[in-house]
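All remarks here apply to the structure that follows.
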Amino acid sequence: MAATSATIFSICPTTSAGSKPSRQKAFGLKFNSRRAAESVRCELEASFLGKESSAALRQSFALKAQKENKRSWNYIQPQASYKVSILGAAGGIGQPLALLVKMSPLVSALNLYDIANVKGVAADLSHCNTPSQVFDFTGASELANSLKDVNVVVIPAGVPRKPGMTRDDLFNINASIVRTLVEAVADNCPDAFIHIISNPVNSTVPIAAEVLKKKGVYDPKKLFGITTLDVVRANTFVAQKKNLRLIDVDVPVIGGHAGITILPLLSKTKPSTAFTDEEVQELTARIQNGGTEVVEAKAGAGSATLSMAYAAARFLESSLRALDGDSDVYECAYVQSDLTDLPFFASRVKLGRNGVEAFISSDLHGLTEYEQKSFGSPKAGVESQY
Ligand SMILES: NC(=O)c1ccc[n+]([C@@H]2O[C@H](COP(=O)([O-])OP(=O)(O)OC[C@H]3O[C@@H](n4cnc5c(N)ncnc54)[C@H](O)[C@@H]3O)[C@@H](O)[C@H]2O)c1
Ligand SMILES: O=C(O)C[C@H](O)C(=O)O
C-alpha cells in the first residue's frame, strides 16, 4: 500500500485560549457556538440531503450549539472521524464518488481500491484541502489493507451496461467480482456498513449476504443495495413535471433496482401532490427506465456515473450521520426485509448506529389501485432473480 501525501484542512487554528485540549482533533474546527446553527445552514444547503433531513440535522446542530453555550465551551467537536473505503474507485462512478466523499466533513480517511489506475486518482484527490486523508491500494495484494478499520465500504466495482443489455446480462462477471470483494470485507472489517452499487443489485446483494453468512459475520442490518438513484430520479422528474422546488420533493421508491421492480410511490410524494393517471404512467415509466435512458444516451460509453456518484454520496452521508448518532435518518435501500414475503426488498428504512433500525411499513399502506397492481410486479420481478 502506498499512502499519498495527505492534506490536512484547517478552517481555523485548533489551539486557542479557552479550548478543551482533550476535545480537539488535528483538523479541528474552531467554532463560535452562537454562529453554529447559521454556519451549519450554509453547509447543508449545499449538501446531498433533502429539505426535511437538512432541517432535522440543522436542528440537532442548533441544539448542540445551545448545549455548548450552556457549558461555556466555545468549540464544537469536529466530526471528521469515519473511515471509508471505495472498491472500484478508479471507475466511472468511483472517481466522482471519491471527490464527493473527499468533501465530506465526516470522513477522516478515504481508501481508494481498484485493480488499476488508482494511484493517479488518489494523488489528484489528495491535493484538495478538505479534512480526509486519501490512500491508494492497487490489486488483490493490497485489498486487505484497504479495508482495515473501515466504517463503511462502498462497492461500485464491476462492468456497466451497453445499449441493448439488461442489468441481468452483467450477472456472470459482476457476481464474482462482488463475491471476492465481500469475502475480503468479511475478513478485514466485518462490522462495516456495506453499500453495494454493482449491478444487478437485485442479485449482487443476496450473493453478498451468502458470502457473509458463510464467513459467519452476516449482519442483515448493515448490508445495503444502493437504490438511491431511483429516488433521486423520481424526485427530479416529479419536480420538473409538477413545477415544484426540487429541494422540497421526496418520493419513496420501493421494490428492487431493475425495470418493473422499481416502483415509485407517487401517491406518497411530499409535498402532497395530485397526479393524473397519464402523469402516473409516464412518470413511473421514466423512473423505471432512467438507467436505460442514460445507457442509450452514452451510446456504448457506459451507464450512469455522475448521478450515481451523487446518489451514493447522499446514501453515504446518511449512513455516516446515523453512525454519528443522528436519530433522524431515513433512506430507501434494498435490504433483507420482512415487509413482504421476499427475502430482500427496497423500502424506506430508518438508519441508526447499527444499520437498519426500522422499516417504514406505513409507505405500503393506502396505496392507489395502480400502485397496488404494480406492487405485484416488483415482487414478481425481484423474485425471478433468485
Ligand atoms: N446501483 C445503481 O443504481 C447503479 C447505478 C449506476 C451503475 N451501477 C453499476 O455500477 C457498476 C460500475 O459502473 P461504472 O460506470 O463505475 O463502471 P466502470 O467500468 O467505469 O468502473 C468500474 C471499476 O471497477 C473496477 N473493477 C473491476 N473489477 C474489479 C475488481 N475485481 N476489484 C476492484 N475493482 C474492480 C474497474 O477497474 C473500474 O475502475 C456497474 O455494475 C453498473 O451497472 C449501479
Ligand atoms: O442502468 C444501469 O445499467 C445502471 C444503473 O443501474 C442505473 O439505474 O442507472
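In this text the structure is predicted, and so the values were computed from the model without any measurement. As the structure lists them, so they are numbered: ligands from 1, and atoms in each ligand from 1.
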Quick one: nearest non-hydrogen protein atom to [atom], plus distance?
| atom | value |
| --- | --- |
| atom 36 (C) of ligand 1 | Asp114 OD1, 3.4 Å |
| atom 6 (C) of ligand 1 | Ala304 O, 3.3 Å |
| atom 31 (N) of ligand 1 | Ile177 CG2, 3.6 Å |
| atom 15 (O) of ligand 1 | Thr305 CG2, 3.4 Å |
| atom 19 (O) of ligand 1 | Pro160 CD, 3.5 Å |
| atom 20 (O) of ligand 1 | Gly92 N, 2.7 Å |
| atom 40 (C) of ligand 1 | Val159 O, 3.2 Å |

With atoms numbered from 1 as shown, which atoms in ligand 1 lie under 4.0 angstrom from a non-hydrogen atom of Asn174?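 Answer for ligand 1: 41 (O).
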Quick one: does ligand 1 sit under 4.0 Å from the side chain of [X], the backbone, both or neither, non-hydrogen atoms only?
| X | value |
| --- | --- |
| Ala157 | both |
| His257 | side chain |
| Asn199 | both |

Check for me whether Ala116 has a heavy atom closer than 4.0 Å to any atom of ligand 1.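 It does not, in that no heavy atom of Ala116 comes within the 4.0 Å cut-off of ligand 1.
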State the atoms of ligand 2, each with its element, that fall below the 4.0 Å cut-off from a heavy-atom position in Gly291.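 Answer, ordered by atom number: 1 (O), 7 (C), 8 (O), 9 (O).
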Going by the order shown, which atoms of ligand 2 are within less than 4.0 Å of some heavy atom of His257?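 Near His257, the atoms of ligand 2 are 5 (C), 6 (O), 7 (C), 8 (O).
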If you measure only the distance, is there a donor-acceptor pair under 3.5 Å linking the side chains of Arg167 and Ser203?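 Not at all, the side chains of Arg167 and Ser203 share no donor-acceptor pair under 3.5 Å.
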Does ligand 2 have a heavy atom under 4.0 Å from the side chain of [X], from its backbone, from both, or from neither?
| X | answer |
| --- | --- |
| Met308 | neither |
| Val201 | neither |
| Arg233 | side chain |

Judging by distance only, is a nitrogen or oxygen of Asp230 under 3.5 angstrom from one on ligand 2? no
Evaluate Thr292 for polar contact with ligand 2, using N/O atom pairs at a separation under 3.5 Å. no
Got a sec: does the CG of Asp187 have more than 12 other heavy atoms crowding it under 6.0 Å? yes
Decide, yes or no, whether a salt bridge links [X] with [Y] under the criterion of side-chain N to carboxylate O below 4.0 Å.
| X | Y | result |
| --- | --- | --- |
| Asp324 | Arg321 | no |
| Glu357 | Lys221 | no |
| Glu317 | Arg314 | no |

Any Val294 heavy atom less than 4.0 Å to ligand 2: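 Heavy atoms of Val294 never come under 4.0 Å of ligand 2.
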Do Arg286's NZ or CZ and the ring of Phe237 fall within the cation-pi criteria of under 6.0 Å and 45°? yes
